[in-house]
Amino acid sequence: MRSTAIDRRAFLTGCAAALAAAAPNVPRARAEDALAGLAGSDEPLFVAARRGSDGTYALAVTSPDGLDVLVIPLPGRGHDVALCPATGRCLAFARRPGTFAVLFDPLGQSGPVTFQAEAGRHFYGHGAFSPDGRLVFATENDFVGARGIIGVYDVSGDVPQRLGEFDSGGVGPHDILPMPDGKTLVVANGGIETHPERGRDKLNLATMRPNVALIDRENGALLARFELGTELHQLSLRHMAVSAGGTVWIGAQHQGAATETPPLLAALDAEKGLRLHDVAPRLRGTLENYVGSVALNREESVVAASCPRAGRMLYFAAADGRFLGSQVRADVCGVAPLDDAGFLLSDGEGGLLQSDAPDSAPLLLASRAGISWDNHMIAISPR
C-alpha cells in the first residue's frame, strides 16, 4: 500500500474521532470534511446499518476511515441496503421479520421516507431496483400461506406505493439482485419457513428445499430454478453477488448437524447450474457453517465471503472458484469493494478494515467504541 494513502487515512481517522467526540448524538450529521477529503478521489463512500452505543439503530454513510457523512435513525434493526445506479438513491430494509423500509438519498439532498410492508407480510431484509429506478422488488414472506413472494413498489413519487407481488419461486426468499440483462431478477430462496409469531424460529428444517430462481421482473414469470442435490437440502442459500458476465455467487448457511461441513459458497451459471466451492481442508469444520455476506471486488477477480460466527474472511478466485486464502477478524461480516482489487470490511465491534490480499492481515482504518456494524455494506460514489 502507498505510504501517502496511509498518511491520508491517518489524518481522516483523526478527524472522524474528533467529530464523533464533539457530536456523538446528532441524528443526521453531515461531515462536509469527509466529502472534501474525498473530492477527486476514486475512493467510494459506504452505507450500512449499525447499532449505536446507546442501543439505538441507524443507517450510516461513511468514508473508509469511519468519518460519517450522514446518519439516519431507524425504528429498529436494519439489514441490507440496495443502491439504484440510475438515481443514486438507496433503500434499506428491516432485519427479518421486520416490516419497515427506508428510502433515502445517501448524500442527504432530500429527507428519508419510511414505509411499511403490507399486512400479512414482512421483509426479509433485501431488495433491488429496476434499471430506471422507478420500481423496487423486495423479498417478503406471506407468513399465513408460508409462501415466498416479491413485493413490487413504485418509488418514483414522494411516497412509495405497493403495486402488487409475485411468487419468489420458493420458500424464505432472502437476497434478490438484478441480472446484467436488466430484465431478470435472481432470488436466493433460503428454503426456511418462518412466522413472526415464532420470532426467528425455523419451522421446516426437515423438509426445506432451498433454490436459486431466475424471474422475469416485468411479469413475475419463473424462468428457471436451480437446486442442489437432496443430500444438501438443508444448505440454505442466502446472500449473493452478481458479476457483469452473469455469474451469481451465493453464500450458504447450513441448517443440519454441526458435524456436517458442506461447502458454503456456490456459483450459478445458467448453462452449467449450481457448483459448490470449498475451502482448504484445514479450515473445514471451523466456519460454524455460516456465511454472512458475499461481494466481488471492482475488477471481479476475487470473491469475498464473510463468516462472522467463526470470525474469518474467505477469498476465492472468480475465474474458477479456487480457494485463495483467509483472514481472521472477530465478528467480521460486512464486505464491499474498496478499489479495483481490495475490499472494505466491517465488524460487530465498530471496526472498518482494508483488505488488499487474501493471505495478509487486513489493515484497521477506523474503530468506533460502542458501534456495532450490521451484516451488510455497500459502496457508493461520493460524486
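Computed from a predicted structure; not experimentally measured.
Between P180 and V242, the closest side-chain pair of non-hydrogen atoms falls below 4.5 Å. Side chains of F323 and D278 form no contact here, defined as non-hydrogen atoms less than 4.5 Å apart. The closest side-chain heavy-atom distance from M208 to E193 is not below 4.5 Å. A heavy-atom distance below 4.5 Å is found between the side chains of E165 and R121. Within the 4.5 Å cutoff, no side-chain heavy atoms of S168 are placed close to those of I149. Taking 4.5 Å as the limit, every side-chain heavy atom of V113 sits out of range of all side-chain heavy atoms of D158. At a threshold of 4.5 Å between non-hydrogen side-chain atoms, the residues F46 and P64 count as touching.
Taking NE2 of H239 as the reference point, atom NE2 of H174 lies at 3.0 Å (rounded to 0.5 Å). Taking CD1 of I250 as the reference point, atom CG of L264 lies at 12.5 Å (rounded to 0.5 Å). To the nearest 0.5 Å, atoms CZ (R50) and CZ (R368) are separated by 5.0 Å. Considering CG of D356 and CG of L338, their distance stands at 7.5 Å, rounded to 0.5 Å. Between T194 atom OG1 and R96 atom CZ the span is 4.5 Å, to the nearest 0.5 Å. For the atom pair T114 OG1 and F100 CZ, the distance stands at 8.0 Å (nearest 0.5 Å).
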*With side chain to side chain contact (heavy atoms under 4.5 Å, CB included) as the test, would you mind laying out the steps for R134 and D154 before giving the verdict?*
CA-CA 6 Å; R134 186 177 72 86; D154 185 339; 3.3 Å; yes
_Walk me through whether Q253 and S236 qualify under side chain to side chain donor-acceptor pair (under 3.5 Å)._
CA-CA 5 Å; Q253 299 172 9; S236 181; 5.6 Å; no
*Can L276 and L232 be said to form a side chain to side chain contact (heavy atoms under 4.5 Å, CB included), step by step?*
CA-CA 11 Å; L276 289 172; L232 293 171; 3.5 Å; yes
*Assess whether side chain to side chain contact (heavy atoms under 4.5 Å, CB included) is satisfied between L45 and S63, documenting all intermediate values.*
CA-CA 5 Å; L45 296 172; S63 73; 4.3 Å; yes
*Hey, mind stepping through F115 and V159 against side chain to side chain contact (heavy atoms under 4.5 Å, CB included) and telling me if it holds?*
CA-CA 8 Å; F115 61 99; V159 179; 5.7 Å; no
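Closest approach of V291 to G251, counting heavy atoms only: CG1-CA, 3.7 Å. Smallest separation of non-hydrogen atoms from W373 and G351: CD1-O, 3.7 Å. Minimum interatomic distance between L344 and Q354 (heavy atoms only, all atoms of both residues): CD1-N, 4.5 Å. Heavy atoms only, all atoms of each residue included: I378 and A82 are closest at CD1-C, 4.4 Å. The shortest heavy-atom contact between A128 and L185 is CB-CD2, 4.5 Å. Taking both residues in full, the closest heavy atoms of Y153 and E140 are given as OH-OE2, 2.6 Å, listed atom of the first, atom of the second, then distance.
Other residues, nucleotides and ligands contribute over 12 non-hydrogen atoms within 6.0 Å of the CG atom of D359. Counting heavy-atom neighbours within 6.0 Å of E231 CD, excluding the residue itself, gives a total above 12. R209 CZ: 12 or fewer foreign heavy atoms inside a 6.0 Å radius.
By the criterion of side-chain heavy atoms lying less than 4.5 angstrom apart, applied directly or through intervening Ile, Leu, Val, Met, Phe, Trp or Tyr residues, L67 is not grouped with L364; the two fall into different hydrophobic clusters. The cluster map of Ile, Leu, Val, Met, Phe, Trp and Tyr, joined by side-chain heavy atoms under 4.5 Å apart, puts V171 and I176 in different clusters. Under a hydrophobic-cluster definition in which Ile, Leu, Val, Met, Phe, Trp and Tyr are linked whenever side-chain heavy atoms come within less than 4.5 Å, directly or via other members, V212 and L296 are assigned to the same cluster. Under the 4.5 Å side-chain contact rule for hydrophobic residues, L59 and V136 do not share a cluster. L103 and L74 fall into different hydrophobic clusters, where Ile, Leu, Val, Met, Phe, Trp and Tyr residues are linked whenever their side-chain heavy atoms come under 4.5 Å apart, directly or through other members.
Judged by distance alone, with hydrogens and angles left aside, the side-chain atoms of R217 form a donor-acceptor pair with the main-chain N or O of G182 at under 3.5 Å. Distance alone, capped at 3.5 Å, is enough to place a donor-acceptor pair between the D105 side chain and the L107 backbone. Of the possible donor and acceptor atoms, none in the side chain of R329 sits under 3.5 Å from a partner among the backbone N and O of D347. Q234 places a side-chain N or O within donor-acceptor distance of the main-chain N or O of L205, the cut-off being under 3.5 Å. At distances below 3.5 Å, not a single donor-acceptor pair connects side-chain atoms of R238 with backbone N or O atoms of A188. Under a 3.5 Å cut-off, the side chain of D68 and the backbone N or O of A60 do not form any donor-acceptor pair.
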List, one per line, each side-chain donor-acceptor pair under 3.5 Å for residues 299-317, sequence neighbours excluded.
| residue | atom | partner | partner atom | Å |
| --- | --- | --- | --- | --- |
| E299 | OE2 | S301 | OG | 2.8 |
| E300 | OE1 | A244 | N | 3.1 |
| E300 | OE2 | A244 | N | 3.0 |
| S301 | OG | N297 | ND2 | 3.1 |
| S306 | OG | S293 | N | 3.0 |
| S306 | OG | C333 | O | 2.7 |
| R312 | NH1 | S326 | OG | 2.8 |
| Y315 | OH | Q327 | OE1 | 2.7 |
| Y315 | OH | S355 | OG | 2.7 |

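A salt bridge is absent between D269 and R275; no separation between the charged side-chain nitrogens and carboxylate oxygens falls under 4.0 Å.
Under 3.5 Å, the side chains of N141 and H122 contain a donor-acceptor pair of N or O atoms. Using modelled atom types and a 3.5 Å distance limit, the side chains of Y57 and R51 yield no donor-acceptor pair.
Among residues two or more places apart in sequence or in another chain, the ring-ring contact (aromatic ring centres under 6.0 Å, His included) test is passed with F123 by F93.
Considering V187, V248, L274 in turn, L274 is the only one that fulfils the side chain to side chain contact (heavy atoms under 4.5 Å, CB included) rule with L237. Just one residue in the list N289, I192, N204 forms a side chain to side chain contact (heavy atoms under 4.5 Å, CB included) with Q255, and that residue is I192.
Ring pair H376/H79 is perpendicular by interplanar angle, where above 60° counts as perpendicular and below 30° as parallel.
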